[in-house]
Q: 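Here you go, one structure.
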Amino acid sequence: MPQSIFYERDLNSAQLEAVYYTNSPLLVLAGAGSGKTRVITYKIAYLINECGYSPENMFAVTFTNKASIEMRERVNLLLGEKVDVWVKTFHSSAARLLRMWGRGLNVEPDFSIIDQQDQHALVRKIVTGMNIDTETYRPEKYVYLINRAKDQLLSAEAAESENFSTDFYFNDVYKRYEEILAKEHVLDFGDLIFRLTRGFQENREVLDRVRERFRYVLVDEFQDTNHAQYVLVKQLTDSHGNVCAVGDDDQSIYGFRGARVENILNYAKEYRNCRIIKLEENYRSYQNILTASSKLIDNNSERLGKTLFTKKGEGEKLVFCRTDSDYDEARFIAGTVRDLVMGGEYEYRDIAVFYRMNAQSRVFESVFNQDRIPYTIVGGLRFFEREEIKDILAYVRLAINPMDEMALERIANRPPRGIGRKTVARLVESYLGSGHSILDVGEDLDIAASRKKLVLQFVAFIDELREMINGQDPPSLLRYLYEKTGYLDWLKRERRDEKVRNLEELYNAVDEFHRNNPSSPINDFVEEVSLNQGARDDEFKNNRVHLITLHNAKGLEFPVVFMAGMEEGIFPHYLSGEALQDQQEERRLCYVGMTRAMVRLYFTAARRRLLFGRTVERDVSTFLSEIPKELVVERSYGFNATGYGSSYQTRFSPLTDRGKVKVVERDISGIEVGTKVVHRDFGRGTVRSLENEIAEIGFDDGTIMKFMLKYTPLEIEGK
DNA sequence: CCAATAAGTGTTTTT
DNA sequence: CACTTATTGG
């Protein structure tokens, strides 16, 4: 029984119009914090409850996994049950459709998906193989160009005839790259969209079937679509025009991966009768934050132009603090976080620190650890990008797709089993090279007998794994894989404790996947992971400060936001390019960051910063000079400042100095090595060592910290 | 033929 | 700093 939804109560008039309007294609220009997710979710509910669409007719597409998870949750909440609405990222929808239709869309149904790391390794191999100098002809440049070509729906042949790149070797590299991918049944991220649009073009019946199913399409963050994605949306909708795109040109921050803001403009032109609705009331931030961000973004030209307003009051002034070093910057933020939380008004989870580069998170990690401030890093070195995880998954990949040479090369000798580079090269040459899979390797293999035995053993194991995929449940398969390969033992022998823990965590993830999807084969897990869907979703459950890149922060909001590293060269980043387009994209990124803040917004900049092993001096970011002075108060921190400064350590480190923490000695009986515990702020973990009532605890997310048990808010799990 | 060690080099943002 | 390549020793 669908619960009743009070559209008039929950939505303002512009939002309401956007939800109710169904007569033609709709473009919603939604300013930051103007309730765009609300519009999309209510519109889905409205279409289902009032317009006769069924849930499986709906297709809502987003860019990030985070956004899709959140939207799916909100749709389910609104409709009162788990419904079969497709809410997915572009890439995972494309992967799913390609798998569903397989050869109907001219792809091999067993294809593997490679990420940028794999792409890079492959291109490097190609370039080396061509005997070109990798210094002057850099693999990362070719990866970039290939990806951009695919965003433009340009095959290797088309790229050549259209003179896509003037690089001397580009066309050769791209062609060779495509040959290898085709031979190995491998697709990269760009292919997922490219091959789907091409498949639709070549097989109209399939496209018609898909259109019959998806009768209404909603696109979130439309300003981030690239050409290929734009074409895909058109293919799906131009027959019926049931499409609603939501976006904000001021928040376009993915130009570097082919996103085109112009799509927003073209959309209105190309879809005749397109209706445009602007959402301009901001529900998130106080006026000062809104004014400051508006003034900043005013410096960009070529905007569609929206005027955001809020009914909230002025609110707090923004704060700017210049520190001597990056460490002081982190200490200032840590101290302020502590003050805010001690003040009782905010919790750790209300606070976020934004930065331009992942590398900046290190200092925060170190200082926050010292100061016992619980934090979580969003993005960064992702769990599924770690070496050991990719190794194990490569075994599964190879078992699923025995043509996958990249997977083979990755794990043939991990753990070391006497199958080195040369031997692998020979295998590749005589089998994969001639269209056979690794499973075809037999006695006729032309290498020394001792080595041949090793290879045949390895092949037999992969074959065995392949059989298990259908016969065994994923967790058992994984456990068997750990043991039979000796991978886990190898790591233990090498004392790579963290990697061992990560493999245990991988097992847990597979186990959880299996519980949630009892009938799904491990293939589905691998696919989720390949598309980075497997991101742990418990991030928000724990009460922690969020450390997050500006790009990852899009779509989120926090009462308190720190924007760190506001220094020329870092933000705007010195590699972002001189072109006006690039500068403006950096400014939009700054705008995105600022508009995440609800109540308090802090900027920090360090005079000196240790970057890549070198100390560099930097000026304050020009972006700060674009914000009206009267909205900002300056705070100082450092040797000459009062209050904080170099005396910080002695003043702050014992918690009791602050006078606000009651010290109660805690009962520590029952805690020993191996005990599973729950920390008030840090969540679940296991005691790794215990000495003089000081315990070292390894938390589930991999962080390790030491605590004096008497003073630590710790419970034994389940007690 | 393979693994461990030393020297050298280029550093964004993400599906 | 982290990651790749060159060298040496097993």
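Hydrogens, waters and symmetry mates play no part in the numbers below; they use all other heavy atoms, side chains included. To find a chain, count down the sequence lines: A is the first, B the second, and so on, and within it residues start at 1.
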Q: Please report the distance, rounded to the nearest Å, between OH in A:Y144 and P in B:dT14.
A: 15 Å

Q: Answer with yes or no whether A:R257 presents, from its side chain, a donor or acceptor under 3.5 Å of a partner atom in the base of B:dT15.
A: no

Q: Which whole number of Å gives the distance between the P atom of B:dT13 and that of C:dT4?
A: 16 Å

Q: Has A:R362 got a side-chain N or O lying under 4.0 Å from the OP1 or OP2 atom of C:dA2?
A: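 Answer is yes, contact under 4.0 Å.
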
Q: To the nearest angstrom, how far is A:K141 atom NZ from B:dG10 atom P?
A: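 Answer to the nearest Å: 15 Å.
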
Q: Apply the side chain to side chain donor-acceptor pair (under 3.5 Å) test between A:D250 and each candidate in A:R303, A:R587, A:Q584, A:R588; give the one that qualifies.
A: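 Only one of A:R303, A:R587, A:Q584, A:R588 forms a side chain to side chain donor-acceptor pair (under 3.5 Å) with A:D250, namely A:R303.
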
Q: Is any N or O donor-acceptor pair between the side chain of A:H91 and the base of B:dT15 shorter than 3.5 Å?
A: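 Present.
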
Q: Quick one: is B:dT14 close enough that its OP1 or OP2 comes under 4.0 Å of any side-chain N or O from A:N552?
A: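 So the side chain of A:N552 is within the cut-off, an N or O lying under 4.0 Å from OP1 or OP2 of B:dT14.
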
Q: Students often get this wrong, so: under 4.0 angstrom with heavy atoms, is A:R588 touching a base, only sugar-phosphate, or nothing?
A: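 Counting heavy atoms under 4.0 Å across all strands, no contact is made by A:R588.
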
Q: Using the ring of each side chain (for Trp, its six-membered ring), is A:F525 parallel, tilted or perpendicular to A:F513, with breaks at 30° and 60°?
A: perpendicular

Q: Side-chain N or O of A:R124 versus OP1/OP2 of C:dT5: is the shortest distance under 4.0 Å?
A: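 It does, given that an N or O in the side chain of A:R124 lies less than 4.0 Å from OP1 or OP2 of C:dT5.
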
Q: Roughly, in whole Å, what's the span from CG in A:N358 to C1' in B:dT14?
A: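 Result: 10 Å.
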
Q: Please state how far atom OH in A:Y355 lies from atom P in B:dT11, giving the value in whole angstrom units.
A: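 Computing the A:Y355:OH to B:dT11:P distance gives 21 Å.
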
Q: Distance check: side-chain N/O of A:R138 vs OP1/OP2 of B:dT11, anything under 4.0 Å?
A: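 Checking A:R138 against B:dT11: at least one side-chain N or O falls below 4.0 Å of OP1 or OP2.
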
Q: So, the side chain of A:D191 versus the backbone of A:D188: is there a donor-acceptor pair under 3.5 Å, distance only?
A: yes

Q: Could you point out which residue of A:I40, A:D224, A:V61 forms a side chain to side chain contact (heavy atoms under 4.5 Å, CB included) with A:V219?
A: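 Looking at A:I40, A:D224, A:V61, the match for A:V219 under the side chain to side chain contact (heavy atoms under 4.5 Å, CB included) is A:V61.
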
Q: Taking the six-membered ring for Trp, does A:H551 stack with B:dT13 (centroid gap under 5.5 Å, planes within less than 30°)?
A: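 By the stated criterion, A:H551 and B:dT13 do not stack.
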
Q: Stacking between B:dT15 and A:F63, yes or no? Criterion: centroid separation under 5.5 angstrom, plane angle under 30 degrees.
A: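 No, A:F63 does not stack on the base of B:dT15.
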
Q: Does a nitrogen or oxygen in the side chain of A:T549 sit under 4.0 Å from OP1 or OP2 of B:dT14?
A: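 Indeed, a polar side-chain atom of A:T549 lies that close.
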
Q: Between B:dT12 atom C1' and A:N147 atom CG, what is the distance in whole Å?
A: 15 Å

Q: Yes or no on side-chain hydrogen bond (donor to acceptor under 3.5 Å, both in side chains) for A:E329 and A:T604, after CA distance, side-chain angles and deciding distance?
A: CA-CA 7 Å; A:E329 175 184 55; A:T604 56; 2.8 Å; yes

Q: For A:L192 and B:dT14, what is the distance between atoms CG and P respectively, to the nearest whole Å?
A: 19 Å

Q: Rounding to a whole Å, what distance do you find between A:Y574:OH and B:dT11:P?
A: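 Nearest whole value for this atom pair: 7 Å.
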
Q: B:dA4 P sits how many Å from A:N413 CG, rounded?
A: 10 Å

Q: Taking the same atom, P, in B:dT14 and in C:dC3, what whole-Å distance lies between them?
A: 16 Å

Q: For A:Y254, which contact category applies under a 4.0 Å heavy-atom criterion: base, sugar-phosphate, or nothing?
A: sugar-phosphate

